[in-house]
Q: 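This structure is in structure tokens; I'll ask about it shortly.
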Amino acid sequence: MTLKAVKGFKDILPEEAKRRQRLESVARKVFESCGLEEIRTPILEKTEVFARGIGEHTDIVEKEMYTFEDRNGQLLTLRPEATAGILRAVLEHKLYNQSPLLKLYTMGPMFRHERPQKGRLRQFHQFNVEYIGSSSPLADAEVIFLAYEIVSAFADEDDLLLEVNSLGCPECRPLHRKDLLLFLNNNKDDLCEDCQRRAELNPLRVFDCKNEDCQSVLKFAPVIKHYICPECASHMGKVLDALEAFGIPFVQNAYLVRGLDYYKRTTFELKARGLGAQSTVAAGGRYDGLSTLLDGPDLPGVGMAVGVERLLLLMQEEARPRQTDLFIAALGSEARTEALYWLGYLRRNGLKVEYSLEDKSLKAQMKQADRAGARYCLIVGEREMDEEEAILRNMETKEQETLELDDLPEVLLEKTKS
Ligand code: ATP
Ligand code: MG
């Protein structure tokens, strides 16, 4: 039996890698245009970083993390999300001393032990943005803008739905929590087991339940909207005004909560039609309390994550066909040695050039040139070497011309550049 990849872990084959490169280059452009800088943190962190940061009683920490002891008995976890690790790095290196506002992005794999299905893997990838140091509602709006810009570059804007909510703050949340608990207790028998458990540990999380029976009960539950303090309400108002000014359509969803405990005030999800059950492409929110949970100074922050696999599902474009500027078909040892020199010169000058690693027949090499999508093919055999010339064939028009070997690489560079 041949070995297979681990369930939920997927190989990214060249065709898909090309499509991902395209996503990454668009995302990078958007990030750079907003003045963000890249940060890369390890994919492995001490378990504590996530347990403390994300919250003990969240789905992620309770049942989705890849956690293990290493050979020294240290408890480690493959990162299930980016924010906690990035904040850990910001605190460890005191980056906040360098600038009052850090605008960071990262791209890379995340790991969660969930049931694999369309748009849900165990190793998946995200583009992440963190604005650390600003309490301004404009920071929230800019982070949402970034998510919208990236996703709308690959999806029809009419298929996108941006949902926004405020989760309140430590001032106003307890009032809501009290009433919510009362409601959940009164309706306990109509809730799924998970929700009954959440009601005790982390009541707000019930709103994230995907069970339809629970949803129909929770429609009548008290929502935070009616409890938020004037400061939170004003903050929300300013975020929404800024979204309008950015020209980004949104709806308010009073039932929207997120699966991580550290969120405060603004929370959002960007959904796309056509993705089935896993419709959320990007999500995020404000996490002002996270820094102190990780023993740092009281740094406000807001961030978001784009799910790359879901973005890939939305992306209509096909990978561009393979293209090579020039294929060198050299026959015989003398020509093949000379070809290595041309190859080096042309590649260093930015041309995409290929040749055959095997000393094959001309027919076989021409076939290879076709497969490589070569625009031009240079043919040099023993006879051509003797006469100090080579044949350049335009693979589209089939026209051929004879070139002198003398200044061949320079001439090739000129001819194939256009
Ligand atoms: P969901 O409700 O789909 O489980 P989530 O709330 O757990 O999402 P976040 O932690 O907010 O997701 O992650 C942000 C984004 O990362 C999601 O909106 C989604 O696009 C993507 N994502 C999350 N988990 C997975 C996964 N297992 N496979 C692929 N993409 C994922
Ligand atoms: Mg999840």
Side-chain angles (χ1 to χ4, degrees), residues 6-10 12 16 20 23 27 43 50 53-55 57-66 77-87 105-130 143-144 146-148 150-152 154-155 159-165 167 194 198 202 204-211 214-215 253 255-263 266-287 290 302-315:
V6 177
K7 182 179 174 191
F9 288 64
K10 207 175 69 112
I12 297 165
E16 187 180 321
R20 285 176 182 257
L23 293 181
I43 55 170
F50 305 112
I54 300 172
H57 302 299
T58 55
D59 283 356
I60 295 182
V61 173
E62 273 187 345
K63 45 187 194 201
E64 295 177 359
M65 293 204 310
Y66 278 91
T77 295
L78 286 175
R79 64 177 184 193
E81 57 97 53
T83 308
I86 290 180
L87 205 58
Y105 77 89
T106 201
M107 306 179 164
M110 307 293 154
F111 305 85
R112 296 185 196 174
H113 196 280
E114 313 190 66
R115 194 167 68 77
Q117 50 196 291
K118 184 183 169 196
R120 196 179 290 291
L121 288 149
R122 291 182 172 174
Q123 175 178 333
F124 61 102
H125 299 74
Q126 290 182 338
F127 300 153
N128 307 86
V129 166
E130 315 294 346
V143 165
I144 297 174
L146 284 161
Y148 194 84
I150 291 169
V151 176
S152 64
F154 298 99
D159 289 338
L160 296 181
L161 180 66
L162 173 63
E163 295 185 344
V164 190
N165 193 22
L167 295 182
D194 268 349
R198 286 181 188 123
N202 195 351
L204 205 53
R205 297 272 305 118
V206 296
F207 289 111
D208 213 15
C209 182
K210 307 220 155 90
N211 184 315
C214 293
Q215 293 282 355
N253 175 358
Y255 298 92
L256 180 68
V257 297
R258 314 278 358 279
L260 307 98
D261 274 358
Y262 53 59
Y263 284 110
T266 313
T267 176
F268 77 94
E269 286 199 10
L270 184 55
K271 298 184 171 159
R273 226 197 302 270
L275 288 184
Q278 275 63 249
S279 61
T280 305
V281 196
R286 179 162 279 284
Y287 50 80
L290 179 57
V302 50
M304 67 89 179
V306 179
V308 175
E309 280 71 17
R310 296 184 194 177
L311 199 53
L312 269 175
L313 290 170
L314 288 177
M315 190 181 182

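One is the number of the first residue; the rest follow in order along the sequence. All ligand and atom numbering here is 1-based and tracks the order in the structure. This structure is a prediction, so every number in the text was calculated from the model and none was measured.
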Q: Arg258 to ligand 1: N or O pair under 3.5 Å?
A: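 Among all N and O atoms of Arg258, at least one is under 3.5 Å from an N or O of ligand 1.
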Q: For atom 3 (O) of ligand 1, which candidate among Arg120, Gln278, Glu64 holds the nearest heavy atom?
A: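 Among Arg120, Gln278, Glu64, the closest heavy atom to atom 3 (O) of ligand 1 comes from Arg120.
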Q: Taking only residues two or more places apart in sequence or in another chain, which ones pass ring-ring contact (aromatic ring centres under 6.0 Å, His included) with Tyr148?
A: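 Scan of Tyr148 (ring-ring contact (aromatic ring centres under 6.0 Å, His included), adjacent residues dropped) gives none.
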Q: What do you reckon, does Val281 have a nitrogen or oxygen under 3.5 Å from a nitrogen or oxygen of ligand 1?
A: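 N/O-N/O distance below 3.5 Å exists for this pair.
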Q: How many angstroms lie between CG in Asn128 and CG in Leu146, if you round to the nearest 0.5 Å?
A: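 Rounded to the nearest 0.5 Å, the CG-CG separation comes out at 12.0 Å.
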Q: Not counting sequence neighbours, which residues clear ring-ring contact (aromatic ring centres under 6.0 Å, His included) with Phe9? List them please.
A: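 Partners of Phe9 under the ring-ring contact (aromatic ring centres under 6.0 Å, His included) test: Tyr66.
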Q: Quick one: do Glu269 and Arg258 satisfy salt bridge (Lys or Arg N to Asp or Glu O under 4.0 Å)? Show the steps, please.
A: CA-CA 9 Å; Glu269 286 199 10; Arg258 314 278 358 279; 3.5 Å; yes
Q: Below 3.5 angstrom, do we get any N/O pair linking Glu309 and ligand 1?
A: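 Looking only at distances, the answer is no, because the N/O contact criterion of under 3.5 Å is not met.
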Q: Glu114 pairs by salt bridge (charged side-chain N to carboxylate O under 4.0 Å, His left out) with which of Lys7, Arg122, Arg120?
A: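 The passing option is Arg120.
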Q: Going by distance only, is there an N or O of Thr280 that falls short of 3.5 Å from an N or O of ligand 1?
A: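 Looking only at distances, the answer is yes, because the N/O contact criterion of under 3.5 Å is met.
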Q: Judged by modelled atom types alone, do Glu130 and Tyr287 share a side-chain donor-acceptor pair under 3.5 Å?
A: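 There is such a pair between these side chains.
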Q: So if I count the atoms of ligand 1 from 1 in the order they appear, which ones are less than 4.0 Å from some heavy atom of Gly307?
A: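 Selected atoms, number and element: 16 (O), 20 (O), 21 (C).
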Q: For ligand 1, which atoms have a heavy atom of Glu114 less than 4.0 angstrom away?
A: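 Reading through ligand 1 atom by atom, the close ones are 24 (N), 25 (C), 26 (C), 27 (N).
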Q: Do any nitrogen or oxygen atoms of Ala305 lie less than 3.5 angstrom from nitrogen or oxygen atoms of ligand 1?
A: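 In fact, backbone or side chain, Ala305 has no N or O that close.
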Q: Consider salt bridge (charged side-chain N to carboxylate O under 4.0 Å, His left out). Of Lys210, Arg205, Lys63, which one does Asp194 pass it with?
A: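 For Asp194, the salt bridge (charged side-chain N to carboxylate O under 4.0 Å, His left out) check succeeds only for Lys63.
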Q: Heavy atoms only, cut-off 4.0 Å: how does Lys210 contact ligand 1, side chain, backbone, both, or neither?
A: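 For Lys210, the contact with ligand 1 is made by the side chain alone.
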Q: Could Glu16 and Lys10 be called an ion pair, given the rule that one side-chain N must be under 4.0 Å from one carboxylate O?
A: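 Result for this pair is yes, salt bridge flagged.
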Q: Can you find a non-hydrogen atom of His125 under 4.0 Å from ligand 1?
A: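 For ligand 1, residue contact (heavy atoms, under 4.0 Å) with His125 is absent.
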Q: Give the numbers and elements of all ligand 1 atoms closer than 4.0 Å to a heavy atom of Arg112.
A: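 Answer for ligand 1: 5 (P), 7 (O), 9 (P), 10 (O), 12 (O), 13 (O), 23 (C), 24 (N).
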